[in-house]
Amino acid sequence: MSMSEELLQASGFEPCPTPPPGWGNKSGTIYTRLLPQGRAYVRCLPDGPGMVEAFIGNWKRPAAYCRGAVQNVEQLLWLLA
């Protein structure tokens with residue numbers, strides 16, 4: 001199984017009612033969760049199964065960033081650490 005919106009929600013990510021600055025023009029639902037290193041934002045991409053884009057903190061100067069295929073939330077959190 002690859003990353004999905006259902007897996008994000010099951011692991012404590014919640015839909016973000018207000019997109020973070022700079023991400024307002026991105027399509028798809030953005031999910032957020034507070035992590036020890038800061039607030040994380042994630043969206044599933046239509047590019048294929050498990051494709052996500054995620055960052056921590058400020059979009060213009062993220063503390064961590066990843067984009068690509070992710071199998072599960074643990075892998076996502078590891079990529080953002």
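Side chains of Leu77 and Leu35 form a contact here, defined as non-hydrogen atoms less than 4.5 Å apart. Side-chain contact check for Pro15 versus Gln9: some heavy-atom pair is nearer than 4.5 Å. With a 4.5 Å cut-off on side-chain heavy atoms, Leu76 and Leu8 count as touching. The closest side-chain heavy-atom distance from Leu80 to Cys66 is below 4.5 Å. Taking the side chain as every heavy atom from C-beta outward, Thr32 and Phe13 never approach each other to under 4.5 Å. No side-chain heavy atom of Pro21 sits under 4.5 Å from any side-chain heavy atom of Lys60.
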Going through the checks in order, is the side-chain contact (heavy atoms from CB on, under 4.5 Å) test met by Arg67 and Asp47? CA-CA 11 Å; Arg67 180 184 175 112; Asp47 303 347; 3.3 Å; yes
Could you walk me through whether Met3 and Val73 pass side-chain contact (heavy atoms from CB on, under 4.5 Å), step by step? CA-CA 7 Å; Met3 180 59 67; Val73 174; 3.7 Å; yes
For Tyr31 and Glu14: C-alpha separation, side-chain torsions, deciding distance, then whether side-chain hydrogen bond (donor to acceptor under 3.5 Å, both in side chains) applies. CA-CA 5 Å; Tyr31 292 87; Glu14 299 176 347; over 6 Å; no
Would Arg33 and Ser11 satisfy side-chain contact (heavy atoms from CB on, under 4.5 Å), going step by step from the backbone distance to the final call? CA-CA 9 Å; Arg33 178 176 153 186; Ser11 66; 4.1 Å; yes
Take Arg43 and Thr29 through the side-chain hydrogen bond (donor to acceptor under 3.5 Å, both in side chains) test and state the conclusion after the steps. CA-CA 6 Å; Arg43 69 183 180 105; Thr29 303; over 6 Å; no
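At a threshold of 4.5 Å between side-chain heavy atoms, the hydrophobic network of Ile, Leu, Val, Met, Phe, Trp and Tyr places Val42 and Leu45 in two separate groups. Under the 4.5 Å side-chain heavy-atom criterion for grouping Ile, Leu, Val, Met, Phe, Trp and Tyr, Tyr65 is not connected to Val70 through any hydrophobic cluster. Under the 4.5 Å side-chain contact rule for hydrophobic residues, Leu7 and Met51 do not share a cluster.
Minimum interatomic distance between Cys44 and Ser4 (heavy atoms only, all atoms of both residues): SG-C, 3.9 Å. Of all heavy-atom pairs between Arg39 and Leu34, the closest is NH1-N, 3.6 Å.
To the nearest 0.5 Å, atom CD of residue Glu74 and atom CG of residue Leu79 are 11.5 Å apart.
Under the 30°/60° scheme for interplanar angles, the aromatic rings of Tyr41 and Trp23 are found to stand perpendicular.
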